[in-house]
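What follows is a set of notes on a single structure, which appears directly below.
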2 protein chains.
Amino acid sequence: MTKNLMNHVEKTFGVTFDDESVLVEAFTHSSYANDHREQNIKNLERLEFLGDAVLELTVSDYLYHKYPNQPEGQLTRKRASIVRAESLAKLAKEYRLHEFVRLGKGEEQMNGRNRPSLLCDVFEAFIGSVFVDQGMDVVLEVLKQILFPKIDSGAFSHGMDHKTALQELLQQNGVVTIQYKVVDKRGPDHQREFVVEVFVEGDSYGRGVGRSKKAAEQNAAKHALESLEQGNQS
Amino acid sequence: MTKNLMNHVEKTFGVTFDDESVLVEAFTHSSYANDHREQNIKNLERLEFLGDAVLELTVSDYLYHKYPNQPEGQLTRKRASIVRAESLAKLAKEYRLHEFVRLGKGEEQMNGRNRPSLLCDVFEAFIGSVFVDQGMDVVLEVLKQILFPKIDSGAFSHGMDHKTALQELLQQNGVVTIQYKVVDKRGPDHQREFVVEVFVEGDSYGRGVGRSKKAAEQNAAKHALESLEQGNQS
């Protein structure tokens with residue numbers, strides 16, 4: 001399993017560890033260490049402690065330079081949406097980190113391998129292990145591959161309302177005019193529906209329907225975001 | 001004032017800024033920026049956002065290596081006692097950072113210059129500004145002068161109970177036997193006092209008196225800590 005893990009990390013992230021034991025520690029859940037208590041095995045928690053702080057700083061630094069004119073409050077909200085457990089768990093799964101975790105038997109039987117909190121812990125511990133073994137520059141190389149492009153494409157904006165997310169995405173490189181216009185009202189008074197169209201610098205980016213103007217605007221922004229994301233992928 | 005600030009930072013920390021404006025930003029409170037809104041002055045909050053993360057990582061890394069055998073929970077508690085507002089405010093004052101802060105008039109009149117939250121913010125912003133202008137290595141040089149020796153001497157153990165703090169201080173370099181012994185009980189039953197003596201590897205380190213055994217032990221540990229701290233200073 002150590003061999004497989006080393007190979008996976010080399011192939012996926014281009015990182016070769018000097019001390020394999022640090023990498024193995026990052027992929028050892030406490031339940032495994034408990035199952036083999038007589039062997040005095042280290043679990044991932046200390047590396048997770050460190051990796052959490054490494055991510056906090058690297059993401060803060062990235063946002064600080066990417067958004068030179070945004071006030072602290074917006075940076076703090078963005079950082080929170082990126083380093084929260086749900087986001088990191090998704091990354092762990094995308095890069096198949098969970099497949100290499102050493103788990104205790106009970107934990108395995110209860111499908112612990114796919115629990116979001118475990119996935120997030122493993123991601124943080126992995127980043128911690130790269131930091132300990134290879135240093136900050138290599139951590140940044142890894143994050144340039146797997147995390148920063150996602151920030152640029154707005155992948156962490158899901159916690160925000162759609163209008164804010166659309167604005168954040170479009171205004172990365174400067175102020176852009178975004179307008180929401182009611183283009184239709186339909187249905188009887190007690191079942192009124194609004195149709196809102198969102199225009200960016202005068203061009204239509206999407207439409208949304210809702211029982212209130214506000215709901216229709218949110219839906220229009222949502223559709224605009226979806227078509228922008230499809231555009232990025234194609 | 002900019003000249004004075006630069007001089008103070010050079011003399012006190014040995015750091016010369018390439019871009020003075022970053023240092024000035026770290027010492028500009030939002031109340032000052034608000035008082036001079038027409039000049040569009042940057043306040044310290046973005047640098048504070050960054051400095052907070054820089055401190056989180058540098059302290060985590062320091063503790064990770066200093067205590068190679070301590071579990072994550074203890075590292076987390078230690079880190080919290082170091083980076084909490086009260087501790088950082090004390091550091092800001094000790095190094096007279098508050099004297100150089102640009103404050104709004106109202107804030108100045110209300111003695112904002114000495115408010116712990118402002119002091120803490122300025123300390124974090126200062127660390128952020130060193131990181132932005134000079135990079136991590138210079139941050140570490142500063143912290144080696146002003147913060148890490150305090151960690152070593154147990155200066156942040158005040159949040160802990162005295163017995164824990166004494167244990168933390170003494171066991172930095174390995175396990176040490178600490179024993180508490182009741183050496184006297186005095187007073188009538190309804191006003192009983194206990195006298196406890198604390199022994200480290202068999203040597204007496206201090207005595208404490210209390211209305212319960214537990215309180216007497218805490219006081220003995222407190223006195224032991226005090227005499228150890230005096231020993232460190234002399």
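In the text below, chain A, chain B and the rest are named by the order of the sequence lines, each starting its count at 1. Because the structure is predicted, anything quoted here is derived from the model rather than measured.
Taking every heavy atom of both residues into account, A/Arg46 and B/Tyr67 meet most closely at NH1-O, 2.7 Å.
Of the listed residues A/Glu56, A/His65, A/Gln70, the one with more heavy-atom pairs under 4.5 angstrom with chain B than any other is A/Gln70. Interface summary for chain B: among A/Glu45, A/Glu48, A/Arg79, the most heavy-atom pairs under 4.5 angstrom belong to A/Arg79.
Counting non-hydrogen atoms of other residues, nucleotides and ligands closer than 6.0 Å to NZ of B/Lys42 gives a total of 12 or fewer.
Heavy-atom distances place no part of B/Val59 under 4.5 Å from chain A, backbone and side chain included.
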From CA spacing to verdict: side chain to side chain contact (heavy atoms under 4.5 Å, CB included), B/Leu57, A/Met136:
CA-CA 11 Å; B/Leu57 176 57; A/Met136 188 54 114; 3.6 Å; yes
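Separating the CZ atom in B/Phe49 from the CG atom in A/Leu63 is a distance of 5.5 Å, to the nearest 0.5 Å. Considering CD of A/Glu72 and CG of B/Leu50, their distance stands at 11.5 Å, rounded to 0.5 Å.
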